[in-house]
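Beneath this line is the structure, given in C-alpha cells, with notes to follow.
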Amino acid sequence: MGWRRVLGMISGTSVDGIDVAVADLRLHAGVVELSPVRHAEVPYPRALREDLLTALPPNPCDARTLCRLDTGIGQAFAAAAARFTGGGDSGVDLGVDLVASLGQTLYHWVDGGDCLGTLQLGQPAWIAEATGLPVVSDLRARDVAAGGHGAPLAGVLDRLLLAAEPGTAALNLGGIANVTAGGLAFDTGPANALLDAAALARTGTPCDTDGALAARGTVRRDLLDVLLADPYYAAPAPKSTGREHFHGDYLDAALARVPAVTDADLLATLVALTAITVAQACAPHRPTRVLASGGGVRNPALMTALAAALAPAELTTTDALGLPAEAKEAYLAALLGFLTWHGVPVDAGTGGGARVLGSVTPGRDPARWPEPLDGTAESLHLSPQPPGGPRARP
C-alpha cells in the first residue's frame, strides 16, 4: 500500500499541553514503516489548564464541568491540529490525510486490579470541523471492553519496534511511568506525577526544572519506605494506574507519617521512588537495554538515578533509534490511528488481546474510507525522511 500522512495528538497525565506529531506511514508484508515528519508541543490555554487540573481526581467533577471540559479540550486539540493542516495562524499545510487523538484522560477506573472503564476528553467533532479530515479517537475503550487495561497503549508501538530485540525494554516517563517488557505493557507507578505535585506544593512552580532541587537533596529512607509499601508495586502485570491514585493528597498522607522533610530531600526521595519501582518492574525480564521516552528524560536527576538502578542494563532514549523521545506518545497516536483507519487489529499487551481500536468521526468527505488491509502488523521500522521532502502519497 502507499504512504499515509497521519497527525497524532495526546495530552498526558502531566497535563503539560498537547503533544502533536506528524508521520508518514505504510504497511507492507507485516512491517509498518514510520517516517517522522514534524512534532511540537502546544500549550493549553491557561484558563482551560487550570479548570482541567481542578477537575482531576481526587477533586469532584460535575456534569456541567465535564461538558465544558470536553468541549474546551476538543477545541484546543482542533486548534493544535489546524496549525499543521492549513487552518491555523501559521498557514502550514503538511498534506495530512488523517488525524488521530488520544485526548486527555480525566479518569481511569481501576478496581481490584481490573480496569472497569476509562474516560478521555476532547470531543473529536471539533477536530473534524477544524481540519475537514477524518478523526480516529476513543482509542482505549475497546481494549478495556475486551478485558485489558486500555493503558499503556504505548505497548503497541513498543512491541512492534522491539519485535527483533527481545533483550530491550521500553520505558515511558510521563506523569505515570510505564514499561513494555516480556510481551506485557504496564504502568509501574509515578514518574512525574508526584514530583510535579511536590514541586508545586513546595515551590509554587509546576515542576522541578532540570531536576535541580532533587539533585541538591538526600533520599529520606523513612519516607521512601512508606511510599514503597504501596501494594500497587507488588501487584502482577498487566496493570494500570493514574492520578486517581498518585496525587498531592496521597503524598501529603505519606509525609504525615514521618518527621518533617525538606524540599530538596522530598524531591530526591521521589526521584528514588520512580527509579527503584521502574527497576523492580524491569528486573524479572532482565533487559540488556532500556529505551526511555517522555517528559521525564529531560530531568537529569531522574535519568541518573534510573541509570544506576537499571544497571547493568544500558539506559538510553528512543532518539537513538530515530524516534524523538519527547514526542513518542504523539507518534504512537499517529500509529494507532493509521492501523485503525485500515482495520488492522493490534494487541497492546495490557490483557485485551488483538482488536481494532477506536472510533472514527468522518471528515468533510464521509465516503473517504480505505479498504481494510489483509494481515497484521508484526514489526515497526523507523525510516528517516528522504532528501528532497516528504514521500509521495496517494
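Nearest heavy-atom pair, Trp3 versus Asp97, reported as atom, atom and distance to 0.1 Å: O-OD2, 4.4 Å.
Judged purely by distance below 3.5 Å, without hydrogens or angles, the side chains of Asn59 and Thr54 never pair a donor atom with an acceptor atom. Side chain to side chain, His245 and Asp230 meet the donor-acceptor criterion of an N or O pair below 3.5 Å. Between the side chains of His108 and Thr241, no donor-acceptor pair is found at a separation under 3.5 Å.
Between Asp51 and Arg68 there is no salt bridge, since no side-chain N of the basic residue sits under 4.0 Å from a carboxylate O of the acidic one. Between Glu129 and Arg364 there is no salt bridge, since no side-chain nitrogen of the basic residue lies less than 4.0 Å from a carboxylate oxygen of the acidic one. For the pair Asp62 and Arg64, the salt-bridge criterion is not met [side-chain N within less than 4.0 Å of a carboxylate O]. Contact check on Lys328 versus Asp158 returns a salt bridge, with a Lys/Arg side-chain nitrogen under 4.0 Å from an Asp/Glu carboxylate oxygen.
Residue Thr350 is tested with Asp187, Asn178, Asp143 for a side-chain hydrogen bond (donor to acceptor under 3.5 Å, both in side chains); the sole match is Asp143. A side chain to side chain contact (heavy atoms under 4.5 Å, CB included) with Leu255 is found for one member of Leu227, Val226, Val261 and no other, namely Val261.
Ring geometry, Phe77 versus Tyr44: the interplanar angle falls from 30° to 60°, so the pair is classed tilted. Using the six-membered ring where Trp is involved, His285 and Phe186 have ring planes that are tilted, between 30° and 60° apart.
Here CD of Glu244 is found 8.0 Å from OG1 of Thr105. Values are rounded to the nearest 0.5 Å. Taking CG of Leu161 as the start and OH of Tyr331 as the end, the distance is 14.0 Å to the nearest 0.5 Å.
The neighbour count for Arg202 CZ, taken as heavy atoms of other residues, nucleotides or ligands under 6.0 Å away, is above 12.
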Practice prompt. Please lay out, stage by stage, how Gln120 and Thr118 fare under the test side chain to side chain donor-acceptor pair (under 3.5 Å).
Written response: CA-CA 7 Å; Gln120 285 70 50; Thr118 188; 2.8 Å; yes
